[in-house]
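Report on the following structure.
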Amino acid sequence: MNTTDGNVSYESKTVRAIRGTESRTISKWTADGWEVVSQSPGTIRTEITFRRPVPKLRRTLFIVGGVVAAVALVTAVIVGTVTENRDAADASAQPTPSEPSASNEEALSADDEIAPAGPTEPVDAVLTPQNSPELASVLASTDYCSPDIAEFAGANSGRTISFPGSVGDIAPYEDTDTRYSILINAGDYSETSAPGPAFQFRDVNTTSDLRWADPAPDTLRVGTDLNVTAKVDRYEDNSCLFLLDPVATAVR
């Protein structure tokens with residue numbers, strides 16, 4: 001939606017962020033030139049409205065770009081037609097092979113040895129940022145809705161991952177008093193940034209379900225730094241939450 005303030009025209013958009021990840025969402029959009037207009041907190045999500053000035057040359061560049069694209073398309077069609085005709089002529093001029101050459105027979109010899117494949121990571125190995133470049137990449141991501149995170153979750157469903165994290169948010173699960181949904185961020189806790197996926201332990205008891213390594217904390221609070229070992233459950237496209245099942249949890 002476009003609006004006008006004085007002589008400046010603005011475009012605006014509204015983004016929904018999971019409670020506890022507002023600062024990460026704001027950092028992402030302000031880095032692209034947007035400014036925060038308002039925030040409307042909800043029970044699970046916060047609606048954040050942004051705006052930024054509309055570049056005056058956008059329409060001109062769009063028109064010029066469209067003309068250039070049209071010219072490029074016509075040129076590609078002409079070149080493709082000429083190339084196709086030339087390839088057809090070349091193909092008709094080639095003789096039909098009747099027998100395999102001696103070099104091909106040698107290449108297909110049964111005596112040739114096939115090099116053995118290199119060592120692979122055991123399927124049941126625990127994935128860490130040190131032994132899995134894919135996990136290291138998603139932990140460093142600044143977009144918790146990135147398709148790369150969904151792809152990683154799908155490819156590693158049921159596998160165990162381990163990484164340093166922190167408690168970003170704790171909320172009661174539905175209407176219970178002893179069950180919680182816990183948002184886990186990657187790395188040390190920060191009030192201004194929260195890289196990595198929006199990991200979540202859902203419907204857990206903070207005492208019995210997190211499988212604490214000794215000593216367990218008396219109370220789990222937002223900001224607590226953890227070592228997290230958990231099984232990959234699934235990634236939810238609608239909420240961008242990456243669900244985990246706790247295997248072992250320790251305070252750092």
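The first residue in the sequence is number 1, and the count goes up from there.
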Task: Hydrophobic cluster identity match, L241 and F152, side-chain contacts under 4.5 Å - done: no
Open item on the list: Can you tell whether the side chains of E22 and R24 come within less than 4.0 Å, N to carboxylate O?
Closed with: no
TODO: Could you list the residues that satisfy side-chain contact (heavy atoms from CB on, under 4.5 Å) with S190, not counting sequence neighbours?
DONE: T192, S193
Open item on the list: I'd like to check E11 versus R52 (side-chain heavy atoms, cut-off strictly below 4.5 Å). Are they in contact?
Closed with: yes
For residues 169-178, dump all side-chain donor-acceptor pairs below 3.5 Å to protein atoms at least two apart in sequence or in another chain.
unit_1: T176; atom_1: OG1; unit_2: Y173; atom_2: O; d: 2.7
unit_1: T176; atom_1: OG1; unit_2: R179; atom_2: N; d: 3.4
unit_1: T176; atom_1: OG1; unit_2: R179; atom_2: O; d: 3.1

TODO: First locate atom OG1 of T207, then atom CG of D209, and finally report the distance between them rounded to the nearest 0.5 Å.
DONE: 9.0 Å
Task: Within residues 209-252 or reaching into it, pairs that qualify as disulfide bond (SG atoms under 2.5 Å apart) - sequence neighbours excluded - done: C145-C240
Open item on the list: I need the S181 OG to D203 CG distance, nearest 0.5 Å.
Closed with: 7.0 Å
Open item on the list: Would a single hydrophobic cluster contain both I184 and Y144, if residues Ile, Leu, Val, Met, Phe, Trp and Tyr are joined by side-chain heavy-atom contacts under 4.5 Å?
Closed with: no
- [ ] Run the salt-bridge test on D225 and R252 with the 4.0 Å N-O cut-off and return the result as yes or no.
- [x] yes
Task: Min side-chain heavy-atom separation V251-L226 under 4.5 Å - done: yes
Open item on the list: Quick check: do R211 and T249 have side-chain heavy atoms less than 4.5 Å from each other?
Closed with: no
Open item on the list: Does any part of the side chain of N156, heavy atoms only, come nearer than 4.5 Å to the side chain of L127, both counted from C-beta?
Closed with: yes
Task: Nearest-0.5 Å distance that lies between atom OG in S141 and atom NZ in K28 - done: 8.5 Å
Open item on the list: Quick test of your reading of the model: are R202 and D233 salt-bridged, counting only N-O distances below 4.0 Å?
Closed with: no
Counting only pairs under 3.5 Å, give me each side-chain donor-acceptor contact of residues 29-38, with atom names and distances, residues two or more places apart or in other chains.
unit_1: T30; atom_1: OG1; unit_2: I26; atom_2: O; d: 2.7
unit_1: T30; atom_1: OG1; unit_2: S27; atom_2: O; d: 3.2
unit_1: E35; atom_1: OE2; unit_2: R51; atom_2: NE; d: 3.0

Open item on the list: Tell me the closest heavy-atom pair linking S162 and P129, and the distance in Å.
Closed with: O-CD, 3.3 Å
- [ ] Please examine the side chains of V204 and L210, heavy atoms only from C-beta on, and report whether any two atoms are closer than 4.5 Å.
- [x] yes
TODO: Any chance you could measure Q39, atom CD, to I48, atom CD1, to the nearest 0.5 Å?
DONE: 5.0 Å
- [ ] For the residue pair N227 and T229, establish whether any side-chain heavy-atom pair is separated by less than 4.5 Å.
- [x] no
TODO: Determine which pairs satisfy ring pair (Phe, Tyr, Trp, His ring centres under 6.0 Å) with at least one residue from residues 179-227, sequence neighbours left out, and list them in order.
DONE: F163-F199, F199-F242
Open item on the list: Connecting only ILVMFWY residues whose side-chain heavy atoms lie within less than 4.5 Å of each other, what is the rest of V247's hydrophobic cluster?
Closed with: none
- [ ] Taking all non-hydrogen atoms of both residues into account, name the closest pair between A230 and P246 and its distance.
- [x] CB-CA, 4.1 Å
Open item on the list: For a 4.5 angstrom cut-off between non-hydrogen side-chain atoms, does L243 reach V232?
Closed with: no
Task: Under 3.5 Å side-chain donor-acceptor pair for S137 and E134 - done: no
Task: Residue pair T206 / I182, side-chain heavy-atom distance below 4.5 Å - done: yes
Task: Shared hydrophobic cluster, I18 / L244 (ILVMFWY, side-chain heavy atoms < 4.5 Å) - done: no
